[in-house]
Amino acid sequence: MDDRLYFDTINSVVRQIPAGSVMSYGQVANLAGCTARVAGWAMANVSEDDVPWHRVVGSDGYLRIGRRSVALKELQQRLLREEGVTFRTDDRVDMARHQVDGS
DNA sequence: ATAGTGACAAATG
DNA sequence: TCATTTGCCACTA
């Protein structure tokens, strides 16, 4: 796993997300110059502590964490709430308020 | 080299 | 509105 191609680029993009804001995987992917799947792969394999992976959510605002990792999902939700991110009753992020305008 | 998989997303039916 | 398909790119067996 030394290639990391987009790995580093994606990490740097995610690091620039301000606290209290979120980005969709597609948004990160666009800025990093790759596709949404690669962004998801990068988040799934992130191992550095300075990467706020919890600020990356699905384009529809849902916290998508595969393999039914409920604990991880709740962790993400908790971290976001600490930063002032508000959630709707559907357990999804209020994108209109917190999504970063990259374009 | 081929096939299957995945923390995605947009298009279809 | 929900379920399925397709496009996408990297990884693993």
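Below, chains carry the letters A, B, ... as their sequence lines are ordered, and counting in each starts from 1.
Put simply, CZ on A:Arg64 is 12 Å from C1' on B:dG6, counting in whole angstrom units. Look at CG on A:Leu63: it is 12 Å from P on B:dA9, rounded to the nearest Å. The nearest whole Å value for the distance from the OH atom in A:Tyr62 to the C1' atom in C:dT1 is 12 Å. For the pair A:Asn45 CG and C:dT12 C1', the interatomic distance rounds to 12 Å; values are reported in whole Å. The separation between A:Asn11 atom CG and C:dA10 atom C1' is 15 Å, rounded to whole Å. The nearest whole Å value for the distance from the CZ atom in A:Phe7 to the P atom in B:dA7 is 15 Å. One can place CE of A:Met43 at 9 Å from C1' of B:dA7, the figure rounded to the nearest angstrom.
By the neighbour-count criterion of 12 heavy atoms within 6.0 Å, atom CZ of A:Arg97 is sparsely surrounded, having that number or fewer from other residues, nucleotides or ligands.
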Ring pair (Phe, Tyr, Trp, His ring centres under 6.0 Å), that's the test. Do A:Phe7 and A:Trp41 meet it? Break it down for me.
CA-CA 9 Å; A:Phe7 199 94; A:Trp41 165 80; 5.7 Å; yes

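A donor and an acceptor atom, one from each side chain of A:Gln77 and A:His54, are nowhere located under 3.5 Å apart.
Side-chain proximity of A:Trp41 to C:dC9, C:dC11, B:dA7: nearest is C:dC11. The side chain of A:Ser24 sits closest to B:dA9 out of B:dA7, C:dA10, B:dA9. Distance from the side chain of A:Tyr25 is smallest for B:dA7 among the nucleotides C:dA10, B:dA10, B:dA7. When each of B:dA7, C:dC9, B:dA9 is scored by its nearest atom to the side-chain atoms of A:Tyr6, the top-ranked nucleotide is C:dC9.
Side chain of A:Arg55 to backbone of A:Ile17: a donor-acceptor contact under 3.5 angstrom is found. Of the possible donor and acceptor atoms, one in the side chain of A:Gln76 sits under 3.5 Å from a partner among the backbone N and O of A:Val56.
Between the CE atom in A:Met43 and the OH atom in A:Tyr25 there is a gap of 7.5 Å [rounded to 0.5 Å]. For the atom pair A:Leu31 CG and A:Thr9 OG1, the distance stands at 11.5 Å (nearest 0.5 Å).
Two residues are said to be in side-chain contact when any heavy atoms from C-beta on lie closer than 4.5 Å; A:Ser21 and A:Gln99 fail this criterion.
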Protein-nucleotides 11-13 of chain B N/O pairs closer than 3.5 Å?
none

Listed pairs, N/O of protein and of nucleotides 3-8 of chain C, under 3.5 Å:
| from | atom 1 | to | atom 2 | distance (Å) |
| --- | --- | --- | --- | --- |
| C:dG7 | O6 | A:Arg37 | NH2 | 3.1 |
| C:dC8 | O2 | A:Arg37 | NE | 3.3 |

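Across A:Val93, A:Leu63, A:Val100, a single residue satisfies side-chain contact (heavy atoms from CB on, under 4.5 Å) together with A:Val22, and that is A:Val93.
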